[in-house]
Amino acid sequence: MTLALGCIADDYTGASDLANTLTRCGLRTVQTIGVPADQLALPEVDAVVVSLKSRSIESSLAVSRSRAADKWLRGRGADHVLFKICSTFDSTDAGNIGPVMEALRADSGDAIVLVTPAFPETGRTVYMGNLFVGSVPLNESPLKDHPLNPMHDSNLVRVLARQSKTKIGLVDLATVTRGPDAVRARLGDLAGKGFGAAIVDAVFERDLETIGNVALDHRLSVGASGFGLGLARALVASGRVRAGASDAVSDVPVGGPAACLAGSCSQATLQQIAKAEHVMAVLHLDPEQVVAGRDEARHALAWAKERLKDGPILIASSSTPEEVAALQARHGRDAAGHAIEQAMADIAEGLVQSGVRRLVVAGGETSGAVVDRLGIPGFLVGAEIAAGVPVLRAVGAKNGEMLLALKSGNFGGPEFFSDALELMR
Ligand code: ADP
């Protein structure tokens, strides 16, 4: 198998977002959790997104992990690698975008790298090198107060220059609008003057298509999911990938018992649980008992085992904001959250041991704890159940074939649990 596109994402949710975007553009895409083992068996795919957690770690670590991911992807035949960053360019003067970009550029042999976090669909646009979040420049957006990476400068040429050794240039919108050859000429000019990277303006999706087209002449690019969209469309337009390749996720049913777990206490999830009560057996955990020890998870599993043969079940720790606040006041927010996440992971593990092969999880942190516990190395991304929430088929999991849906709390419509199971056959 030869990958048409390799991606290295600097955080997990960004990786999922990119994998989902590539899938929507027709690329068969696998998202891996961390750098995969050399022997990981992959189905026939066009793209792999390696999810790292390197956005806010020490820059030398971010560099070594990204280089390991790059090596793995190149080893699987990826000609082009996208280093996926946040569409709000989350970083500091210490990195990690600049240091990772420079290390990967050195490994790739490219003279110059195209960089743009633009993703018009989500309101991220770049003009004259300045990043806009909706209608305001980055430094006037809520990102100015981000706890880890406060962004005080919207001019990405300056931002990237402060964290890079190479000179950073600009390919402006007027050039992008003139098309791929104009961009190529500008990049050639910049590279000739010793610039190792250029911020590229993009306001509309057609700009991303132009950029994707040019980027395929190179071996490395840096951007957000919008850049992924541009690359994917260029791969399809050039005939290197056959769009709409059959949906390998839902082609072969997995069958077996189905279960849902809810650890999110968001409004949307509370409403989805209430709706699910009409169509499946629902168990509400006692959060106080969960924090007190492991019995609650054991009881929940015994409850589930009796019912799994009769249809899908749902186990929820979720409670109202008042109850959450009271529990946190008694035990501390982190201790309560961690105990409940681990109980959910215990339950997920027990359910899979009992034969569950279709699992829906509500809650971002809850999903992370469950996936870690199940030791799933990666997912083939399928059709969307709701915006941003695809069906996932586990790849290389020790428990064999399995379908999952992992959603952050606020995602999905009121019937989310039934909608998910409808697509997870
Ligand atoms: P979301 O995607 O909605 O943010 P998460 O799973 O990321 O959901 O976060 C929810 C957090 O709340 C988790 O740490 C979870 O363990 C915790 N939690 C779940 N149920 C309760 C509860 N009843 N009381 C307090 N915390 C809870």
Side-chain angles (χ1 to χ4, degrees), residues 11-17 20 31 33 51 53 55-56 86 142 146-148 259-277 282-301 303-304 313-351 359-374 376 379 384-390 392 404-414 416-417 419-420:
D11 88 335
Y12 285 7
T13 44
S16 308
D17 183 43
N20 196 37
Q31 175 187 357
I33 312 297
S51 337
K53 268 187 185 162
R55 185 170 296 167
S56 306
C86 186
H146 189 283
L148 299 176
C260 308
L261 295 174
S264 163
C265 301
S266 68
Q267 280 275 332
T269 302
L270 293 174
Q271 194 190 5
Q272 288 156 353
I273 296 168
K275 287 280 184 188
E277 307 253 12
V282 178
L283 176 69
H284 292 272
L285 299 174
D286 178 343
E288 192 64 53
Q289 289 301 319
V290 173
V291 179
R294 298 196 106 143
D295 278 355
E296 190 71 356
R298 265 200 297 276
H299 293 152
L301 272 173
W303 175 91
I313 56 134
L314 165 63
I315 298 175
S317 68
S318 323
S319 39
T320 60
E322 298 73 34
E323 288 164 335
V324 170
L327 191 83
Q328 290 176 340
R330 285 194 293 278
H331 301 283
R333 176 191 302 187
D334 290 350
H338 182 75
I340 295 173
E341 284 162 31
Q342 289 311 306
M344 285 302 198
D346 288 344
I347 295 170
E349 194 175 22
L351 288 171
L359 187 63
V360 182
V361 187
E365 293 299 325
T366 309
S367 297
V370 166
V371 167
D372 281 352
R373 180 68 66 83
L374 296 179
I376 298 174
F379 304 103
E384 281 184 308
I385 302 158
V389 192
L392 303 170
L404 291 104
L406 309 172
K407 80 160 193 107
S408 357
N410 273 320
F411 283 38
F416 176 78
F417 291 109
D419 293 348

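We count ligands from 1, going down the list as the structure has it; atoms in each ligand are counted the same way.
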For ligand 1, which atoms sit closer than 4.0 Å to a heavy atom of [X]?
X    : value
G409 : 1 (P), 2 (O), 3 (O)
S408 : 2 (O)
G364 : 1 (P), 2 (O), 5 (P), 6 (O), 7 (O), 8 (O)
P287 : 23 (N)
L327 : 24 (N), 25 (C)

CZ (R333) with more than 12 external heavy atoms under 6.0 Å: no
Greater than 12 external heavy atoms within 6.0 Å of H284's NE2: yes
Are [X] and [Y] packed together at the side-chain level, in the sense that at least one heavy-atom pair is separated by less than 4.5 angstrom?
X    : Y    : result
E296 : V291 : no
R373 : M344 : no
K407 : T269 : yes
L406 : V370 : no

Atom 4 (O) of ligand 1 touched by protein (heavy atom, under 4.0 Å): no
Heavy-atom nearest neighbour in the protein, as seen from [atom], with distance rounded to 0.1 Å:
atom                    : answer
atom 11 (C) of ligand 1 : G263 O, 4.1 Å
atom 20 (N) of ligand 1 : S317 OG, 2.9 Å
atom 13 (C) of ligand 1 : E341 OE2, 3.5 Å
atom 27 (C) of ligand 1 : I340 CD1, 3.5 Å
atom 8 (O) of ligand 1  : G363 CA, 3.3 Å

Check: S318 side chain, S264 main-chain N or O, donor-acceptor pair, under 3.5 Å: yes
Compute the shortest N/O to N/O distance between [X] and ligand 1 and return yes if it is under 3.5 Å, no if not.
X    : value
N410 : no
Q328 : no
E365 : yes
G337 : yes
S266 : no
A336 : no
S319 : yes

Cationic N near anionic O, under 4.0 Å, D346 to R298: no
Ion pair D11/K53, N-O distance below 4.0 Å: no
Let me confirm one number: the [atom1]-[atom2] distance from [X] to [Y], rounded to the nearest 0.5 Å.
X    : Y    : atom1 : atom2 : value
S319 : E288 : OG    : CD    : 10.5 Å
L374 : L404 : CG    : CG    : 7.0 Å
I313 : C260 : CD1   : SG    : 7.5 Å

Option set D334, L406, T269, T366, criterion heavy-atom distance to atom 6 (O) of ligand 1, minimum: T366
